[in-house]
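Below: the structure, in structure tokens.
Residue numbers begin at 1 in each chain, while the letters A, B, ... track the order of the sequences.
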2 protein chains.
Amino acid sequence: MCITGQDVKGQFLELTANSSQRLRRTNMEAILAVMRRSDAVTGTDLIEATGLARATVIAVCDDLIQAGWVRELAPQKVTVQKGRPARVFEFDARAGVVVGLDFGSEKTTALVADLRGNILGKATESLGGFTAPDAQRLATIEKALGKALADADARHADVLVAGVGIAAPVDRSGNISHSQLFWESFDIGIQENLRDRFGWPVLLANDANLAAMAEHWMGVGRGVNDLAVMLAGERIGFGLMDSGQLLHGASGRSGEVGLLDLVDGVGTPEGIAALARDMAAAACKKGSPATVLATLADISGVGITAEAVFAAAAQGDLVSAQILDAIGRRMARVVAIMATFMDPELVVIGGAVAASSSILLTPLRTELARYMPNPPRVEVSTLGDAIVTLGAVRLALDYVEKHALNLDLGD
Amino acid sequence: MCITGQDVKGQFLELTANSSQRLRRTNMEAILAVMRRSDAVTGTDLIEATGLARATVIAVCDDLIQAGWVRELAPQKVTVQKGRPARVFEFDARAGVVVGLDFGSEKTTALVADLRGNILGKATESLGGFTAPDAQRLATIEKALGKALADADARHADVLVAGVGIAAPVDRSGNISHSQLFWESFDIGIQENLRDRFGWPVLLANDANLAAMAEHWMGVGRGVNDLAVMLAGERIGFGLMDSGQLLHGASGRSGEVGLLDLVDGVGTPEGIAALARDMAAAACKKGSPATVLATLADISGVGITAEAVFAAAAQGDLVSAQILDAIGRRMARVVAIMATFMDPELVVIGGAVAASSSILLTPLRTELARYMPNPPRVEVSTLGDAIVTLGAVRLALDYVEKHALNLDLGD
DNA sequence: GACATATATTTAGATTCTAAATTTATGCCC
DNA sequence: GGGCATAAATTTAGAATCTAAATATATGTC
């Protein structure tokens with residue numbers, strides 16, 4: 001009974017560190033965190049890192065070994081050794097594995113990583129386009145996962161969590177936004193399927209957001225906590241980070257630029273891909289010299305895609321280079337607008353355009369400096385086409401690190 | 001000595017909850033948090049809210065009373081009382097006070113609030129413009145603070161923290177960005193002055209960011225965690241929140257829109273104020289009927305300000321109403337661009353324009369719906385000209401809540 | 001005045017921590 | 001090989017804190 005009306009029952013349970021057991025748990029988490037960030041450590045290292053007493057540190061380490069998170073190594077030979085040899089502990093990066101999956105429109109890529117993020121296996125499968133039935137696409141995904149696991153010499157049961165990236169907005173609770181019909185084609189029930197088939201927790205996220213996580217983790221954005229990553233291929237999307245926190249927005253659509261037509265000289269929402277196609281088509285029609293671009297278009301037979309233009313430019317095609325120059329100028333406008341709201345320290349360009357960075361960067365940086373007195377740094381991603389998949393791995397790893405002591409490591 | 005090279009000494013000390021004392025501290029914080037969010041509570045209430053045992057709860061309450069954060073009330077008479085009367089505890093909202101200060105260009109406003117955020121005192125002083133010397137402006141600030149404290153019947157020594165809002169970017173460590181010369185005029189050493197004079201910790205923040213905090217706390221944005229607040233008067237600035245977290249950007253400039261000239265039909269960075277002035281001047285020159293607007297301009301004698309236009313519109317001036325309609329349309333474009341990057345659930349319009357909301361909202365909402373398939377809600381602030389000062393109070397309260405058990409309550 | 005009831009307080013036992021004393025394993029020196 | 005120095009592990013004793021159960025206390029009811 002609460003005298004004044006409001007019922008607070010159980011409302012703050014999660015805040016409470018009640019029992020002594022919770023204290024031990026906190027110390028386990030702290031020591032595990034230290035171990036994840038260092039290589040093999042001794043008890044003395046942990047005493048210095050955490051401030052805990054020796055007896056406590058050793059007891060916690062024994063608990064962690066018991067739980068399966070930590071291995072004890074044979075005592076190391078050190079150059080100058082005096083005194084009793086120290087016990088040596090190490091975070092067991094193979095206590096399990098995580099998988100990262102990029103579910104694109106044309107293909108799907110799976111990565112398997114250990115708990116330190118070392119990539120152990122990889123596989124890519126073609127999805128057969130949007131028109132393929134859901135069941136077939138789910139089977140393809142399973143196939144890619146199976147191959148990647150085999151490549152990593154791991155079993156399905158070793159997987160602790162799976163991270164999945166898709167080219168649609170995903171809100172904080174992992175639901176795909178259906179505010180545009182187009183995005184429905186990505187909602188084929190991957191989450192339920194993988195949970196039912198293998199018992200994995202599955203985390204869904206937007207591809208541009210995962211790209212930002214990947215850059216922040218191991219790309220040019222390492223150590224940069226206010227970061228924007230532009231994923232540009234057929235479409236453009238931003239992954240935005242402030243203070244190291246990814247932005248989601250009310251329905252997962254933050255960074256999903258759908259309104260570029262309001263920006264002078266950018267045009268339609270799909271501005272950049274459209275520009276590439278239009279300029280390429282015009283150049284071909286005008287009878288420009290037989291370019292690599294035209295050759296590519298001929299070969300593919302399906303018309304010119306933005307990716308084809310980027311690829312041709314990378315191979316030295318002149319028309320494509322001109323197109324990329326124009327694209328760089330347009331991108332500068334989009335980046336400028338984004339940067340005026342977000343104030344990032346660094347903007348990373350990723351996705352298919354990244355391959356043509358040498359041509360793209362100069363106009364982009366020059367124009368950006370014209371628009372802004374203090375423009376952010378602009379760099380090109382070096383993660384290639386693994387950018388989203390690596391982000392999916394990072395998403396899964398974050399989950400493991402956060403919930404480690406709740407997870408069951410099985411055998 | 002770490003076997004593998006990296007030195008982790010002390011690196012994770014803050015993570016560790018080592019001793020039993022830390023456990024008690026965590027429980028004190030949890031119980032204090034419950035008390036802050038409810039009125040008077042009994043031990044039984046706290047048991048239900050936290051899951052702790054009765055003996056623990058009572059012991060913690062006694063500790064909190066000892067520390068000065070909690071008061072014990074006389075046992076309450078309840079309609080149906082059976083058994084031994086419960087001891088009644090209450091968070092002592094007068095364990096101290098906080099002050100919030102809005103340091104504007106023309107005037108400064110100070111609020112004094114208790115620890116539940118109830119406003120106890122208020123004072124406003126004119127600053128005498130930008131040209132006044134720093135020392136004089138500091139004296140004016142002290143005067144306003146003194147008056148507000150007297151109004152609240154509080155002493156300088158009762159103040160636990162001061163929050164200060166200024167119309168310049170402030171980075172995470174509280175430094176004013178000097179990327180534009182203009183902003184230097186706000187850097188008059190308030191922080192150092194108040195610390196040295198009264199020993200208060202002083203927290204500096206950008207005014208638009210504080211407006212967002214205020215709306216999230218007690219405005220139309222209550223309960224909305226993905227929120228944008230547009231503070232529009234002479235200048236425009238956004239305070240942006242994602243997942244309840246305020247965005248700062250790399251140098252505190254997030255939401256400081258300085259690039260509206262790239263947006264079709266918005267024009268210069270100071271677009272909106274300039275538009276108001278230009279249209280008003282044109283109307284006056286053309287010899288429009290003697291409007292309230294013109295009268296206001298005559299009275300002020302300093303030319304027409306954006307604020308004057310908003311005020312005139314609120315009083316029924318027709319020309320000003322037309323101007324506001326145009327402004328609403330322009331704002332729609334700015335909001336649309338912001339929303340496509342941020343995906344807020346709600347956009348709140350605050351600042352001087354808010355007074356003219358009845359005229360402004362319709363064109364703003366209509367145009368916004370034209371630009372976006374799923375536009376955010378748009379509402380007008382009801383906090384009036386206290387919006388920034390209330391945010392400064394909230395900033396100070398957040399600090400008190402976070403550091404409560406580290407603060408010395410003095411006597 | 002006995003009884004029911006809800007709460008406070010006390011007591012006993014468990015867990016976990018720290019700090020100090022003790023033991024153990026290693027290298028070095030004679 | 002035996003003693004010594006050293007660094008670490010382990011054991012021990014003591015303190016803080018928690019829980020759960022037993023006991024005491026204050027109130028209303030019959």
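Residues A/Pro85 and A/Val57 both approach DNA chain C. Their nearest nucleotides, taken by heavy-atom distance, put A/Val57 toward the 5′ side.
The backbone N or O of B/Asp226 sits nowhere less than 3.5 Å from a side-chain atom of B/Glu345 that would complete a donor-acceptor pair. Checking side-chain atoms of B/Arg172 against main-chain N and O of B/Gly249 turns up a donor-acceptor pair under 3.5 Å. Between the side chain of B/His216 and the backbone N or O of B/Ala212, no donor-acceptor pair lies under 3.5 Å. Of the possible polar contacts, none joining the A/Arg36 side chain to the A/Arg116 backbone as a donor-acceptor pair under 3.5 Å is found.
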Extract all donor-acceptor atom pairs below 3.5 Å that involve side chains of residues 56-71 of chain A and protein atoms in other chains or at least two apart in sequence.
residue : atom : partner : partner atom : Å
A/Asp62 : OD1  : A/Arg87 : NH2          : 2.8
A/Asp63 : OD2  : A/Arg24 : NH1          : 2.5
A/Arg71 : NH2  : A/Glu90 : OE1          : 2.6

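Applying the 6.0 Å contact sphere to CZ of A/Arg197 captures no more than 12 heavy atoms from other residues, nucleotides or ligands. Other residues, nucleotides and ligands place more than 12 heavy atoms under 6.0 Å from the CG atom of A/Asn175.
Distance, A/Ile58 CD1 to D/dA7 P: 16 Å, rounded to whole Å. Residue A/Asp62 contributes atom CG, which lies 11 Å from atom C1' of D/dT10 at whole-angstrom precision. Rounded to whole Å, atom P of D/dA7 lies 14 Å from atom CG of A/Asp45. Atom CZ in B/Arg22 sits roughly 17 Å away from atom C1' in D/dA15 (whole-Å rounding). Atom CD1 in B/Ile47 sits roughly 13 Å away from atom P in C/dA6 (whole-Å rounding).
In this model, the phosphate group of C/dT16 is not approached by any side-chain N or O of A/Asn27 to a distance below 4.0 Å at OP1 or OP2.
Counting non-hydrogen atoms under 4.0 angstrom, A/Arg54 reaches a base of the nucleic acid.
When the nucleotides D/dA9, C/dT18, D/dC18 are ranked by their closest atom to the side chain of A/Leu52, C/dT18 comes out on top. Listed nucleotides: D/dT27, D/dT17, D/dT19. Nearest to the side chain of B/Leu23: D/dT17.
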Using the 3.5 Å cut-off, write out each protein N or O paired with an N or O of nucleotides 11-15 of chain C and the distance between them.
residue : atom : partner : partner atom : Å
C/dT15  : O2   : A/Ser20 : OG           : 3.3

Show me the protein contacts with nucleotides 3-6 of chain D, counting only N or O atoms at under 3.5 Å.
residue : atom : partner : partner atom : Å
D/dT6   : O2   : A/Gly83 : N            : 3.0

Under 3.5 Å between N/O atoms: give me all the protein pairs with nucleotides 1-3 of chain C, atom names plus distance.
none

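With sequence neighbours left out, A/Arg94 forms a side chain to side chain donor-acceptor pair (under 3.5 Å) with no residue at all. Residues meeting the salt bridge (charged side-chain N to carboxylate O under 4.0 Å, His left out) test with A/Asp151, sequence neighbours left out: none.
Side-chain contact check for A/Arg37 versus A/Phe91: every heavy-atom pair is 4.5 Å or farther apart.
Under the side-chain contact (heavy atoms from CB on, under 4.5 Å) rule, B/Leu395 has a single partner from B/Leu390, B/Leu210, B/Val161, which is B/Leu210.
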